[in-house]
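First up is the structure itself, then whatever we jot down about it.
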Protein chains: 2
Amino acid sequence: MDKDFINIYNLIQELSWLFGAHSINGECCGDLSLVEYMALKKIKDSENITIQEIGNALNFTKSGASKIIDRLGNKGYVTREISSVDGRVCCVNTTAKGEEMASEIVHRYSAYVYEMLKEQDAATIENIKAVLEILVNSAHRQENTLNGKYSQGGGRMSIFEMNN
Amino acid sequence: MDKDFINIYNLIQELSWLFGAHSINGECCGDLSLVEYMALKKIKDSENITIQEIGNALNFTKSGASKIIDRLGNKGYVTREISSVDGRVCCVNTTAKGEEMASEIVHRYSAYVYEMLKEQDAATIENIKAVLEILVNSAHRQENTLNGKYSQGGGRMSIFEMNN
DNA sequence: TGTAATAGTTGACACTGGAAACTATAGCCC
DNA sequence: GGGCTATAGTTTCCAGTGTCAACTATTACA
């Protein structure tokens with residue numbers, strides 16, 4: 001039983017590494033790092049997201065988030081506008097170019113995943129999807145119970161503070 | 001059909017992020033970064049591994065790998081000895097402390113995974129394991145077909161050079 | 001023996017993200 | 001309205017990290 005979870009942990013770790021910043025994603029896509037891509041994706045999926053929200057979503061300080069948006073802005077993938085309702089907050093949105101880049105990356109990697117899995121039958125593909133959904137949902141739930149409130153540093157807990 | 005692979009890609013991406021360097025692993029364990037932990041794990045699993053091999057396995061240059069081993073050495077987790085058969089190569093091995101630290105990390109994260117998945121029944125757990133094995137194996141296979149030979153820079157290909 | 005190849009190390013460098021100080025706006029209370 | 005506080009974001013300084021290129025040391029081979 002315990003063995004199963006060790007096993008699953010090791011497999012997730014391995015998979016994460018293979019899809020993480022040091023592997024195929026090392027340079028995620030031309031001029032985007034993995035972090036920048038994740039931010040771009042988040043911005044694309046939310047209308048008028050703020051710097052702070054991006055930071056919280058990706059576990060960066062607002063300082064770090066601001067710099068990531070700088071980079072994305074310099075590359076022409078996002079715009080930064082001052083909110084019309086509150087002069088302190090920035091509304092970040094993707095440009096057409098940013099939108100296109102995000103789609104391109106998804107397309108490329110999906111093709112990669114297709115190459116990976118093309119020999120699997122339809123039922124297996126469905127099953128893979130179902131399992132990944134369980135994992136992602138459980139991980140999100142677990143993340144939420146772990147994370148406290150966010151201060152500048154995004155008061156996230158290390159797993160090592162969990163229960164000692 | 002195509003939709004399935006996009007879906008799966010997005011889920012893997014999400015899961016990888018959640019287990020990647022910027023999330024719970026931000027500080028993987030006290031004084032180890034994710035990269036250092038991956039190296040430690042690799043060293044633990046192979047007898048007398050060389051710097052170069054570590055670099056290749058983790059997609060680092062030999063220079064980068066050398067510095068990671070420096071750090072692990074300074075923290076007392078690994079030893080570096082000159083090979084008895086070839087005076088140029090280093091044999092890296094874990095110390096007892098390193099061994100213990102690696103186990104501790106696995107233990108901690110397995111507990112985390114257990115918390116994540118404790119509500120799933122036994123059949124689901126088995127299924128999760130099976131799916132992850134498929135994914136990890138396919139990803140490794142795919143990685144090998146993508147990567148060319150390793151030079152200093154570990155001549156890995158960006159996914160964007162795949163077919164254009 | 002001398003030249004080329006190979007493993008590893010080192011130093012200079014660029015990039016990244018955090019902490020803290022700072023700017024600017026908003027909210028509130030008198 | 002004036003003044004205090006809170007909040008969003010930016011900027012400066014800094015430490016950590018990994019690459020490149022030059023270097024050392026050892027081995028292989030002609």
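The basis for the numbers below is simple: all heavy atoms, side chains too, and nothing from hydrogens, waters or symmetry mates. This is a predicted model, so every value here is computed, not measured.
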B/T61 side chain near D/dT19 phosphate (N/O to OP1/OP2, under 4.0 Å): yes
Between [atom2] on [N] and [atom1] on [X], what's the gap in Å once rounded to a whole number?
X: A/R80; N: D/dT11; atom1: CZ; atom2: C1'; answer: 12 Å
X: B/I54; N: C/dT9; atom1: CD1; atom2: C1'; answer: 15 Å
X: B/L32; N: D/dG16; atom1: CG; atom2: C1'; answer: 15 Å
X: B/E81; N: C/dG8; atom1: CD; atom2: C1'; answer: 16 Å
X: B/M38; N: D/dT17; atom1: CE; atom2: P; answer: 17 Å
X: A/L34; N: C/dG17; atom1: CG; atom2: C1'; answer: 15 Å
X: B/Q52; N: C/dA5; atom1: CD; atom2: C1'; answer: 12 Å
X: A/E36; N: C/dT16; atom1: CD; atom2: P; answer: 6 Å

Could you go step by step and tell me if A/M101 and A/L32 meet the side chain to side chain contact (heavy atoms under 4.5 Å, CB included) rule? CA-CA 9 Å; A/M101 181 52 122; A/L32 282 188; 3.8 Å; yes
Can you tell if the side chain of A/Y37 reaches within under 4.5 Å of the side chain of B/Q13, non-hydrogen atoms only? yes
What are the two closest heavy atoms between A/A139 and B/F19, and how far apart are they? CB-CE1, 4.3 Å
Scan side-chain atoms only and decide if B/S83 and B/D86 contain a donor-acceptor pair under the 3.5 Å cut-off. no
Which ones in residues 64-73 of chain A lie close to DNA chain D, meaning a heavy atom under 4.0 Å from one of its atoms? A/S66, A/K67
Near DNA chain D, which residues from residues 82-94 of chain B have a heavy atom under 4.0 Å away? B/D86, B/G87, B/R88
Quiz question: going by heavy-atom distance under 3.5 Å, is there a donor-acceptor pair between the base of C/dT9 and the side chain of B/S63? no
Can you tell me how far apart CD1 (B/I82) and CZ (B/R80) are? Round to the nearest 0.5 Å. 10.5 Å
Of the candidates D/dG18, C/dT9, C/dA19, the side chain of A/H22 sits closest to D/dG18
Counting only heavy atoms not in B/Q120, do more than 12 fall under 6.0 Å of its CD? yes
Give a yes or no on whether B/H140 atom NE2 has more than 12 heavy-atom contacts from other residues, nucleotides or ligands under 6.0 Å away. yes
Under the side-chain contact (heavy atoms from CB on, under 4.5 Å) rule, collect the residues that match up with A/K129, sequence neighbours excluded. A/E126, A/E133, B/D4, B/N7, B/I8, B/L11
Would you mind checking if B/E53 and B/K42 are paired as a salt bridge, meaning a charged N to carboxylate O distance below 4.0 Å? no
